[in-house]
Amino acid sequence: MMFRNKQEFKKEFSQRLIEAYGTTVDQTHPTEKYLVLGEMVRDYASVNWKDTKVAVSENQAKQVYYFSMEFLLGRMLTSNLRNLGIYDIVTEGLEELGIDYENLASMERDAGLGNGGLGRLAACFMDSAATENLPVNGNCIRYQCGLFRQRIDDQGNQVEVPDMWMRIGNPWEVRKLKHSVDVKFWGNVEVHGDENGNLHFNHVNAEHILAVPYDMPMIGAGTKMTNTLRLWSAEAADESPSWMDYREYLSEVNQICLNVYPDDSTEEGKYLRLKQQYFFVSAGIDSIINTHLKQYDTLDNLGEKVSVQLNDTHPVLAIPELMRVLMDDYGYSWDRAQAITMSVMSYTNHTVMSEALEKWPVEYVQKLLPRIYMIIDELNSRYGRFLNERYPNRQDLWYSTRIIDNGMIHMARLAVIMSHAVNGVAEIHTGLLESELFHEYYSMWPEKFTNKTNGITPRRWMLYSNPELREMLKSHIGKGFETDFSKIEKLMNHVDEPKLQEEFLRVKQKRKEILAAYIQRSTGIIVDPSSIFDSQAKRLHAYKRQLLNIMHVIYLYQRIKSDRNFRIYPHTFIFAAKAAPSYVFAKKVIKLINCVSKVVNSDPDVNGMLKVVFLPNYSVSMSEVLMNGSDVSEQISTAGKEASGTGNMKFMMNGAITLGTLDGATVEIDRLVGRENDVIFGMTVEEIESFRQTYRAMDYVNGDERIRKVLNTFIDGTWNGDRDDFRTIYDELLMKNDEYFVLADFDSYVQAQEQISARYQDRHAWARSCLINIAKSGYFSSDRTICQYADEIWNVKPLKF
Ligand code: KOT
């Protein structure tokens, strides 16, 4: 039974606890209480979940499937309770039972099924789609361990430890054994011709793996819409392959869903990643087909009733897989199968970095997925014939755009050719796709390309995690913005009110105190909440230039040390970042930040002016405290490299000032808030392009004493007594000529930081800028983004029931 009020909740909760654990309520552990509460909430949502499925089917609504290797959900309890509108009943009920809700909520481990922005975007989209009544389902892997948990050792190194996020159980998922499907690897393909001259393909001697789905409800805010995130788990089939010892088979099966992005530096590791990709894609396509056939009994209308969004290239094998099913299992001709597939598929690109563009060696795909390879090869040949007909004198086009090139399968090329829509994730990024990365395709098919600037769910990222700000806004602009976030712009009418400015500063102070307490709990470092909290939180990557940030810190430290009269406004520099386990340079930068932190924080000469904090184990739930407790948002990537960024939006929505380059969505933030309300520095994309040929990092060392002094500390043992430890960083800047223009932008960055300090000291003007940032953040709600996908790519309408 569904509880309708506090009394019923208390009764059911206590009863369920006793029944589940056979002990008194008092004797149960907080993790047990969390689990039982989570299960109750899931069951509560199940009625809407059922109603959603019925409504979709009765209305013959088009369904969207968001295929993504990552879903960085974070914790779900608070978000689910609030979206369902039962947060007050539950938290008050618990209080009356003498149970602290926050303590219980903190038992939930983040579902860290991903590594960065791309995965968090997928999670924001699920929240927004349900809220906007759009039938959008997720498709991913049920990773037993997330990415990894990050520890920092005594020397400041990142150490990876297992992230056993499901140890206490996952109350949100429901195992759906009846929807299991069979996925085939290895083996070979037998071809038979029939009397009509048609070919039949039979995949034999394969390794069969059972894909079992676990469904999680994706609950809309203030609506009944409850979509499904389907996570696939690999289990052993009842037969092992004839050519494999059954124990070897079991261990192969267990590998598939073990963790996110397994190390791919070895051949074995590469096969495993390819296997993961095909595993969740094949299972996902199979289950789409089964659902569709149950309702329509034909696949002729698949293109009208199903859209698949490919979140970068990791799920692009869905394209040949759908072709395979249509042709081999349901007898469609090549041309029909291709037309249907193209009308179903669309592709989002998230990076222009060449090393991140996926390519698979032909022989890997041939061996692991023999039939899929045949289809890709045929697609490539047909693409060649198409080019020949349409551009007979353009051999060059073939060489630069073919799917199979130099023994490698280019997944992004396959995606662009075979999708009806291709999008980038911010205006500048989409522009670069059109003019650079995909320019040949763009000139052939300009209508395929669209921009969909990213967004973030305002619920998790502000309304639920920053109640102080939410209440302040409510009292000035009314409640409307909670359900229609574009209404937050009403705040523009109030930004000049000194009273509101002061109120905002108090709210920010409160959030900074909460962050300060978090910092002390997780690092032992005591920071001053009246100092400027300047944060850079994102994956560690050379192009994101955490190095530029820490070099500026070193520069400040050196000035303080060398000039007794030098004063700066007290500053706390906060970093949070995970580095890929095999990314040597990124790990060095983490170590450098930690070593600098140790030296600076313990130096009495610094006299309260400077603190450096590295927060270990960056995660969604950490961000919920970090972003709204910050004054300054560091978005300092080399222009042209950050596709969009979404952290920039989270900081902005909570009233932080962006200190950034004109890159990704920061360009759009800057345009919306105006140059008086952010601090922009550094070279633009155009400047970098024209400068690249002649750039000599060494000139900046010779020409700038500040840079010279900072760089020297990388080779003189300043930070930990070891002269060689940070030499790789030194070499990257000088021997390898500073690929990301850190030195070229250094002076401009120092000036930008000086502007921040100056502006911060005019408290009213600062608060006014923060309020304008909040007021203008409506555009960055993922509710807006998801509606644009629905209108402009998927052609799906909200489903009201
Ligand atoms: C990872 C591996 C291969 C290809 C792309 C990625 C990737 C890109 N992972 N995360 N991203 C980020 O995606 C975000 C959401 O669109 C962007 O805001 C951000 O700029 C990307 O770096």
Side-chain angles (χ1 to χ4, degrees), residues 66-72 112-126 128 140 147 260-262 264 270 273-274 276-277 309-316 347-360 410-413 415-416 422-430 432-433 437 451-457 461 536-546 577-580 582-583 586 618 620 623 633-652 660-669 740 780 782 785-786 788-789:
Y66 199 82
F67 275 37
S68 177
M69 197 80 183
E70 305 182 27
F71 279 85
L72 259 182
L113 311 183
N115 91 114
L118 167 153
R120 182 55 230 175
L121 184 73
C124 284
F125 281 177
M126 295 311 289
S128 286
C140 186
L147 189 66
V260 184
Y261 297 126
D264 65 348
K270 287 196 182 69
R273 281 213 194 174
L274 189 58
Q276 284 189 327
Q277 294 187 356
Q309 189 69 37
L310 303 169
N311 200 22
D312 219 285
T313 56
H314 320 118
V316 163
Y347 157 63
T348 307
N349 172 283
H350 294 266
T351 184
V352 297
M353 303 280 294
S354 54
E355 65 269 31
L357 297 174
E358 277 192 302
K359 302 174 204 66
W360 289 108
H410 288 238
M411 302 308 278
R413 299 180 185 177
V416 174
V422 176
N423 74 283
V425 291
E427 288 171 17
I428 187 178
H429 169 61
T430 302
L432 287 168
L433 294 183
L437 189 60
N451 174 246
K452 296 286 167 285
T453 297
N454 282 167
I456 57 171
T457 165
W461 295 111
Q536 187 171 15
K538 48 183 82 252
R539 285 297 297 236
L540 211 136
H541 202 292
Y543 82 79
K544 296 179 189 277
R545 300 199 296 192
Q546 283 93 350
K578 285 181 178 177
S582 58
Y583 193 169
Y618 182 43
V620 170
S623 300
S633 158
E634 296 264 357
Q635 308 300 335
I636 60 177
S637 52
T638 312
K641 298 296 181 190
E642 188 69 273
S644 162
T646 43
N648 44 3
M649 303 168 188
K650 294 165 196 167
F651 283 108
M652 172 204 196
T661 48
L662 286 175
D663 200 16
T666 302
V667 175
E668 290 160 68
I669 293 179
Y740 296 104
F780 300 106
S782 47
T785 315
I786 207 75
Q788 290 182 330
Y789 276 87

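Ligands are counted one by one from 1 in listed order, and the atoms in each one are counted from 1 as well.
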**Prompt:** So which bit of Asp312 gets within less than 4.0 Å of ligand 1, heavy atoms only: side chain, backbone, both or neither?
**Reply:** side chain
**Message:** Show me which atoms of ligand 1 lie under 4.0 Å from any heavy atom of Tyr543.
**Reply:** 22 (O)
**Asked** How close does the nearest protein non-hydrogen atom get to atom 18 (O) of ligand 1, and which residue and atom is it?
**Response** Gly645 N, 2.7 Å
**Message:** Please classify the His314 to ligand 1 contact at 4.0 Å (heavy-atom distances, strictly less than): side chain, backbone, both or neither.
**Reply:** side chain
**Message:** I want to know if ligand 1 touches Glu70 in the polar sense, i.e. an N/O pair below 3.5 angstrom.
**Reply:** no
**Request:** Taking only heavy atoms of Val425 into account, list the atoms of ligand 1 that are under 4.0 Å away from them.
**Result:** 16 (O)
**Request:** May I ask you to list the atoms of ligand 1 that are less than 4.0 angstrom from any heavy atom of His350?
**Result:** 8 (C), 13 (O), 15 (C), 16 (O), 21 (C)
**Message:** Less than 3.5 Å apart, any donor N or O on the side chain of Asp663 or Ser637 sitting next to an acceptor on the other?
**Reply:** yes
**Request:** For Thr351, counting its heavy atoms only, list the atoms of ligand 1 lying under 4.0 Å from any of them.
**Result:** 4 (C), 5 (C)
**Request:** Using only heavy-atom distances, determine whether the side chains of Gln635 and Glu642 contain a donor-acceptor pair under 3.5 Å.
**Result:** no
**Request:** Heavy-atom distances under 4.0 Å are what count here, so tell me which part of Leu357 touches ligand 1: side chain, backbone, both or neither.
**Result:** neither
**Item:** Any side-chain donor near an acceptor of the partner, Asn311 and Thr348, under 3.5 Å
**Value:** no
**Asked** Rounded to the nearest 0.5 Å, how far does NE2 of His350 lie from CG of Asn454?
**Response** 7.0 Å
**Asked** For ligand 1, which atoms, with element, lie under 4.0 Å from some heavy atom of Ala643?
**Response** 20 (O)
**Request:** Considering non-hydrogen atoms only, spot the tightest contact between Arg539 and Asn115 and give its length.
**Result:** NH1-OD1, 2.5 Å
**Complete:** Test side chain to side chain contact (heavy atoms under 4.5 Å, CB included), reference Val416, set Val316, Thr313, Leu437, Val422, output is Val422
**Message:** What protein heavy atom lies closest to atom 20 (O) of ligand 1? Include the residue and the distance to one decimal.
**Reply:** Glu642 OE1, 2.6 Å
**Prompt:** Which residue supplies the protein heavy atom nearest to atom 12 (C) of ligand 1, what is that atom called, and how far is it?
**Reply:** Leu118 N, 3.8 Å
**Rounded distance (nearest 0.5 Å) linking atom CD1 of Ile636 with atom CD of Gln536** = 4.0 Å
**Request:** Only one of Ile786, Leu310, Leu121 passes side chain to side chain contact (heavy atoms under 4.5 Å, CB included) with Tyr66; say which it is.
**Result:** Leu121
**For Gly117, the ligand 1 atoms whose distance to one of its heavy atoms is below 4.0 Å** = 13 (O), 14 (C), 15 (C)
**Request:** Specify the protein heavy atom at minimum distance from atom 15 (C) of ligand 1: its residue, its atom name, and the distance to 0.1 Å.
**Result:** Asn454 OD1, 3.2 Å
**Asked** Does the side chain of Asn451 pick up a donor-acceptor pair with the side chain of His429 at under 3.5 Å?
**Response** no
**Request:** Measure up the Tyr543 and Tyr740 rings against each other and bin them: parallel (under 30°), tilted (30 to 60°), perpendicular (over 60°).
**Result:** tilted
**Prompt:** Closer than 4.0 angstrom: is that true for some heavy atom of Ala356 and an atom of ligand 1?
**Reply:** yes
